[in-house]
2 protein chains.
Amino acid sequence: MEAQLTDQTEADSPLERYLRLLEIIAAFPGRLALADVAALSDLPKTTAHRLLKGLVKAELASGGQGGRAYSVGPRLSRILHATAEDGWLEALARPTLAALAEDSGEACYLTKLVGSRVLVAVSQAPEVRWRSYVQPGIEMPPHAAATGKAIIAYQSEALIRQALAAELPKLTVNTRSDEAWIREEFARVRDRGYATCVGEIDEGLAAIAAPVCQSDGLVLYSVGMTGPLQRIMGDKLPHHLAALMEASRALANKLSIGTKMYQAAVSAPE
Amino acid sequence: MEAQLTDQTEADSPLERYLRLLEIIAAFPGRLALADVAALSDLPKTTAHRLLKGLVKAELASGGQGGRAYSVGPRLSRILHATAEDGWLEALARPTLAALAEDSGEACYLTKLVGSRVLVAVSQAPEVRWRSYVQPGIEMPPHAAATGKAIIAYQSEALIRQALAAELPKLTVNTRSDEAWIREEFARVRDRGYATCVGEIDEGLAAIAAPVCQSDGLVLYSVGMTGPLQRIMGDKLPHHLAALMEASRALANKLSIGTKMYQAAVSAPE
DNA sequence: TGACTCGTTCCGATTTCCGGAATACTGTTC
DNA sequence: GAACAGTATTCCGGAAATCGGAACGAGTCA
């Protein structure tokens, strides 16, 4: 072997190999087959195949099976988004949330996906009066909360399973904890484009929520509105829904630019 | 053999463990010590320590040594930036590049770091006439091109070594391929804040380039200007350099908005 | 000083990874 | 339809990495 030059290269751990492959498919997203990856990485086809399968299973890469065109999976984005201290997010989302809260007179908030959990990132109560307020940082149950459903329903099967593996408490008589129903509910959410919560967390409270879709189709955030059941689900529901969907679109626009700038800037040199 | 039911016990491969740790430190950046990570991940201290060291060595995480506060490293950002279609980048950079090209009358372009290679992301020729045009997507050699030097000179030792491990062809009589000289050149680049290429790629061509520095020091892009040697390196060089540095600052500003919000939010109590 | 916690190193048992050889699955050509 | 090229995928013995309990230095508080 001509191992003169490769000799000085540092230890080639399995982790390093995974990352090298990931960088290769990241450089040419969606246009590399197994043979290409193997050639570019100087690895035997067999080894490249095994490593790629590992990357796909970990959701770091996607494609592979039959489609034979690998690209970067959703997990990287999820990790980087989870790092965000919510300062910049707040600055971008606050105006939209404030307008939504003012228009509806209800509490509105933005949630984000952290691992397989859904946390409140930014919260905004309407000016009018103290009605309700959603504390930033609290966790939204994926099977009951509108914002929880609105995010989890759009995730990969692996992440959905992970989310549903957690304890799913029956909070009220309306709460459904059986997986079959929850999956049907997720299908309804995807079908309608928004999620609801009708007395499933608190008997008198309802909520509606919409996913915030990135340009690449990933859903890492959702925007929600909550209040007394009659006020949310009454005559004004169509109006609330229209405003919510409009807010979702506006946020998608801002966040898709803001997150990319944030990703460029995050991480510390030393 | 028939392990259909054991299917639900997710395989806990080493890669999966690495990622779980990474997600944990991503969720609480800069405030977790080893013991915390071990507790949150349900792993023995020893194992957590070993895995974290692996993450740090791979530049997926940073911190660790003594500082006892882990956070997400620069590598994830690099990978995600490599995958990003350059649409948003183009929208942000095009006006600045156009102004620079118009002012100088030369071809100007923005390059980005992809793995350990430097590729042209956005290119802009001056209106005046056909002079030269740099094709987006082509690779810039790290030892000869001004834009290559301007990015690689600011990277970590590991990435510099990786970049210089590639073949460094002697393109003209002026090209230097010996590592000692290249590292001195990188030091000069860091010292002056810009890079040059004087007939090192084509005998009659010269180029100048400046890194686009994020406010935290990370360099993922550089902006360059190229043209005939006499026109670039002649009397107008000071003017070109000033315009280039100004363009670099303008681009850095656009890309760093996220960081400033982040820092404002982080400078909190405790 | 002693008790405590922290990060770190050591090392045998265990597990995973490695990659050549062989196999299965396409779609194309004659 | 048979032969063929080009894929992706499985098999499996040898090699190498990982695992984590035990033990070690360094710092801290009482």
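Throughout, protein chains are lettered first and strands after them, A, B, ... in sequence-line order, and every chain is numbered starting at 1.
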Which of these nucleotides, dG21(D), dT16(C), dA17(D), is closest to any side-chain atom of Pro14(A)?
dA17(D)

Which of the following nucleotides, dG19(C), dT18(D), dC17(C), is nearest to the side chain of Tyr18(A)?
dC17(C)

Partners of Glu179(A) by side-chain hydrogen bond (donor to acceptor under 3.5 Å, both in side chains), sequence neighbours excluded?
Arg183(A)

Any Lys53(A) side-chain N or O less than 4.0 Å from OP1/OP2 of dA8(D)
no

Closest to the Leu34(B) side chain: dG7(C), dA8(D), dG20(D)?
dG7(C)

Who passes side-chain contact (heavy atoms from CB on, under 4.5 Å) against Gln162(A), sequence neighbours left out?
Ser116(A)

Does Glu185(A) have any salt bridge (charged side-chain N to carboxylate O under 4.0 Å, His left out) partners at least two apart in sequence or in another chain, and if so, which?
Lys149(A), Arg188(A)

Salt bridge (Lys or Arg N to Asp or Glu O under 4.0 Å) between Lys57(A) and Glu16(B), worked out
CA-CA 9 Å; Lys57(A) 192 167 73 179; Glu16(B) 195 57 37; over 6 Å; no

Using side-chain hydrogen bond (donor to acceptor under 3.5 Å, both in side chains) as the criterion, list what pairs up with Arg20(A), not counting sequence neighbours.
Asp12(A)

To the nearest Å, how far apart are Arg20(A) CZ and dC17(C) P?
16 Å

Under 4.0 Å between a side-chain N or O of Arg17(A) and OP1 or OP2 of dG19(C)?
yes

Rounded to the Å, how far apart are Leu51(A) CG and dT9(D) P?
14 Å

How bent is the helix from dG7(C)-dC24(D) to dC30(C)-dG1(D), comparing axes over its five end pairs at each side, to the nearest 10°?
40°

Of the nucleotides dG20(D), dG7(C), dG19(C), which has the atom closest to the His49(B) side chain?
dG7(C)

What pairs with Arg192(A) under salt bridge (charged side-chain N to carboxylate O under 4.0 Å, His left out), at least two apart in sequence or on another chain?
none

Looking at Thr47(B), does any N or O in its side chain come under 4.0 Å of the phosphate oxygens OP1/OP2 on dG20(D)?
yes

Holding to salt bridge (charged side-chain N to carboxylate O under 4.0 Å, His left out), I want the full list of residues that pass it with Arg78(A), two or more places apart in sequence or in another chain.
Glu59(A)

Show the atom names and distances, to 0.1 Å, of all donor-acceptor pairs under 3.5 Å that link a side chain in residues 32-50 of chain A to residues at least two apart or in another chain.
| unit_1 | atom_1 | unit_2 | atom_2 | d |
| --- | --- | --- | --- | --- |
| Asp36(A) | OD2 | Ala33(A) | N | 2.8 |
| Ser41(A) | OG | Val37(A) | O | 2.8 |
| Ser41(A) | OG | Ala38(A) | O | 3.3 |

Any protein N or O atoms within reach of nucleotides 22-25 of chain D? Criterion: under 3.5 Å, listing atom names and distances.
| unit_1 | atom_1 | unit_2 | atom_2 | d |
| --- | --- | --- | --- | --- |
| dA22(D) | N6 | Thr46(B) | OG1 | 3.3 |

Taking atom CD as the centre, does Glu157(B) end up with more than 12 heavy-atom neighbours from other residues, nucleotides or ligands that are less than 6.0 angstrom away?
yes

Looking only at dG7(C), dG20(D), dC19(D), the nucleotide nearest the Arg50(B) side chain is dC19(D)

